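What follows is a single structure, written as structure tokens, with notes after it.
Note that ligands are numbered from 1 as they come in the structure, with each ligand's atoms numbered from 1 the same way. Nothing here was measured: the structure is a model prediction, and the numbers come from that model.
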Amino acid sequence: MKTLVLSANEPNTAQIASDILKNGGLVAIPTETVYGLAANGLDEMAVAEIFAVKGRPQDNPLILHLWGAEQIDQFCHHIPQTAYDLAARFWPGPLTMVLPAKDCVPKRTTGGLSTVAVRCPDHALTREIIRLAGVPLAAPSANLSGKPSTTTAQHVLDDHDGKIPLIVDGGNCRVGVESTIVDLTEERPRLLRPGGISPEALMEVLGDLVVDKAVTAQIDKDAVVKAPGMKYRHYAPAEPVVIVSGSREKAAAYIHRHYVPGDRVLCFEEELPLYAGCDPLSYGQEANVDTLSAGLFAALRELDDPSVHQVYARCPVGGGVAYAVQNRLKKAAAFHIVDAEVEE
Ligand code: TXA
Ligand code: MG
């Protein structure tokens with residue numbers, strides 16, 4: 001199959017994309033977070049094709065992408081007022097809500113669960129594609145399963161050239177890490193995945209939030225978890241990653257003591273001069289955490305190279321979107337962190 005790449009700026013792109021989707025085909029779509037690999041979320045055959053192309057475990061459910069909050073009650077029931085409050089505040093935007101699913105949502109989409117995750121992406125063309133298709137789009141991140149997420153059309157082409165009919169090129173994703181996921185099906189709202197909407201911002205609307213243990217620790221692959229995707233080793237380059245925490249000076253001293261040729265250093269732009277000779281790669285500026293979230297996955301993909309032995313990574317501190325960057329880096333490192341303030 002020839003994979004066509006069409007710019008989001010071409011006048012016919014939305015029409016061509018929605019026609020493929022209506023006919024049960026797959027289209028890679030840009031969103032503000034990462035590129036998604038989309039299909040009609042109500043069409044079991046089309047959804048099965050997403051799992052096949054990604055190599056995704058069948059029990060890992062997909063997010064339904066809607067074009068507005070007015071669609072929530074078509075696919076969900078027992079919707080708490082908080083869901084509408086969150087949608088009013090954060091949609092379109094990088095927030096996904098887990099709610100009880102109506103029967104019209106196929107079990108293939110929900111990975112067999114009785115709940116469904118819904119989100120409205122903040123991308124004008126992608127919302128237009130959803131509107132024209134007239135169906136909600138099931139769309140996981142467009143990477144091959146186990147690879148870092150895709151934040152450019154080229155990343156999607158690298159993973160799926162010849163396997164899907166169309167990639168819509170909307171440029172670099174603005175946020176760069178996947179949406180925040182909050183589960184609203186229990187008594188207390190639960191954060192399943194940090195993302196572009198910070199826990200602090202959620203708290204302003206919800207007044208209460210439990211952080212799921214999958215956010216802060218490595219989960220055994222056989223464990224029963226709320227978001228099945230959290231237990232798989234995601235976002236991970238092929239070689240071991242270790243996060244080196246502590247002050248700039250102490251971290252540099254630690255890395256220089258342990259560095260051997262073939263290792264790489266993933267650091268902030270401000271730190272590049274400290275690592276001359278250590279093959280450093282910057283993923284953004286520490287002083288501007290939005291550049292770190294936007295640049296992280298492209299950097300992890302670049303480091304996903306068998307010639308790299310070991311990656312020493314620097315991680316931002318603090319809340320907001322830095323919390324999501326910490327989560328993705330810790331997952332890439334399988335929660336392997338050394339504190340350069342105390343460790344030799
Ligand atoms: O930003 C995003 O959310 C991107 C873009 C494309 O929208 N999508 C994305 O999808 O990250 P994916 O499939 O890579 O991650 C979805 C996560 C998985 O961890 C999955 O287990 C979880 O959402 N999930 C989906 N439905 C769920 C449900 N009903 N209950 C709990 N977790 C769910
Ligand atoms: Mg993913």
Side-chain angles (χ1 to χ4, degrees), residues 26-39 41 47 50-51 53-66 75-76 90-102 105-123 126-127 129-130 136-151 155-156 159 168 170 173-186 190-197 212 214-215 219 223-236 293 297 300 321 324 327-328 331-332:
L26 303 193
V27 177
I29 52 168
T31 82
E32 80 283 26
T33 58
V34 300
Y35 277 75
L37 185 58
V47 170
I50 295 179
F51 283 90
V53 167
K54 267 189 68 104
R56 182 178 176 101
Q58 300 285 337
D59 70 343
N60 194 359
L62 305 179
I63 296 171
L64 271 191
H65 293 65
L66 314 179
F75 308 110
C76 306
F90 299 115
W91 280 12
L95 177 69
T96 296
M97 299 187 281
V98 174
L99 292 164
K102 281 192 170 167
V105 184
K107 284 281 187 252
R108 254 201 207 281
T109 301
T110 66
L113 299 176
S114 59
T115 58
V116 62
V118 290
R119 109 168 179 92
C120 177
D122 185 13
H123 194 287
T126 286
R127 286 178 71 208
I129 292 171
I130 301 171
L137 299 184
S141 52
N143 53 288
L144 279 169
S145 213
K147 289 245 177 207
S149 291
T150 41
T151 55
H155 293 161
V156 184
D159 281 10
V168 176
C173 297
R174 175 172 57 81
V175 178
V177 292
E178 306 87 340
S179 60
T180 302
I181 305 180
V182 62
D183 180 0
L184 299 175
T185 64
E186 292 180 357
R190 178 180 289 266
L191 180 71
L192 300 184
R193 180 174 75 181
I197 304 296
D212 197 78
V215 173
I219 298 297
V224 177
V225 288
K226 268 279 167 187
M230 300 302 275
K231 69 186 175 191
Y232 298 108
R233 187 160 181 259
H234 263 183
Y235 325 117
S293 70
F297 282 128
L300 287 177
V321 78
N327 171 264
R328 302 308 191 274
K331 284 170 73 66

Exercise for the section: Any chance you could measure Asp159, atom CG, to Leu144, atom CG, to the nearest 0.5 Å? Expected result: 4.0 Å
Fill in the blank from the handout: Applying side chain to side chain contact (heavy atoms under 4.5 Å, CB included) to Ser293 and not counting sequence neighbours gives Val177, Val321, Val325
Completion exercise
Between Arg127 and Pro92, the two heavy atoms sitting closest are NH1-CG, 3.3 Å
Completion exercise
Here the atoms of ligand 1 under 4.0 Å from any heavy atom belonging to Ile181 are 17 (C), 22 (C), 23 (O)
Problem - Asn143 near the Mg ion (ligand 2) via N/O/S, less than 2.8 Å - result: no
Problem - Check: Thr96/Arg193 side-chain N/O donor and acceptor closer than 3.5 Å - result: no
Practice task
Could you verify whether a donor N or O on one side chain and an acceptor N or O on the other, from Arg328 and Ser149, lie under 3.5 Å apart?
Solution key: no
Exercise for the section: Might you point out which heavy atoms bring Tyr35 and Cys173 nearest each other, and give the distance in Å? Expected result: CD1-SG, 3.5 Å
Handout entry: N or O pair under 3.5 Å between Arg193 and ligand 1
Key = yes
Problem - Closest candidate by heavy atom, reference atom 30 (N) of ligand 1, pool Val98, Ile50, Ile63, Asp59 - result: Val98
Practice task
May I ask you to check if ligand 1 and His65 share an N or O to N or O distance below 3.5 Å?
Solution key: yes
Exercise for the section: Return yes when Pro94 approaches ligand 1 closer than 4.0 angstrom through a heavy atom, no otherwise. Expected result: no
Practice task
Record the part of Arg56 in heavy-atom contact with ligand 1 below 4.0 Å; permitted values are side chain, backbone, both and neither.
Solution key: side chain
Exercise for the section: List every atom of ligand 1 that sits less than 4.0 Å from any heavy atom of Asn60, numbering the atoms from 1 in the order shown and giving each element. Expected result: 18 (C), 20 (C), 21 (O)
Problem - Smallest separation among heavy atoms of Gly93 and Glu32, with atom names - result: C-OE2, 3.0 Å
Completion exercise
One finds that the ligand 1 atoms under 4.0 Å from a non-hydrogen atom of Leu113 are 28 (C), 29 (N), 30 (N)
Problem - Mode of Thr115 contact toward ligand 1 - side chain, backbone, both, neither (heavy atoms, under 4.0 Å) - result: both
Completion exercise
Residues at least two apart in sequence or cross-chain that pass side chain to side chain contact (heavy atoms under 4.5 Å, CB included) with Cys76, listed by chain then number, are Ile72, Ile79, Leu99, Val116, Val118
Completion exercise
Closest heavy-atom pair, Ala142 versus Gly36, reported as atoms and distance to 0.1 Å, is CB-C, 3.7 Å
Handout entry: Side-chain donor/acceptor of Thr109 to backbone N/O of Leu62, under 3.5 Å
Key = no
Handout entry: For Ala117, atoms of ligand 1 separated by under 4.0 Å from a heavy atom
Key = 25 (C), 26 (N), 27 (C), 29 (N)
Exercise for the section: May I ask you to list the atoms of ligand 1 that are less than 4.0 angstrom from any heavy atom of Glu178? Expected result: 1 (O), 2 (C), 11 (O)
Practice task
Heavy-atom distances under 4.0 Å are what count here, so tell me which part of Ala139 touches ligand 1: side chain, backbone, both or neither.
Solution key: backbone
Exercise for the section: May I ask whether Thr110 has any heavy atom positioned less than 4.0 angstrom from an atom of ligand 1? Expected result: no
Fill in the blank from the handout: ligand 1 to Gly36, heavy atom cutoff 4.0 Å, flagged ligand atoms 6 (C)
Exercise for the section: Taking only heavy atoms of Val116 into account, list the atoms of ligand 1 that are under 4.0 Å away from them. Expected result: 29 (N)
Exercise for the section: With rounding to the nearest 0.5 Å, note down the distance linking CZ in Phe75 to NZ in Lys102. Expected result: 9.0 Å
Practice task
May I ask you to list the atoms of ligand 1 that are less than 4.0 angstrom from any heavy atom of Ser179?
Solution key: 1 (O), 2 (C), 3 (O)
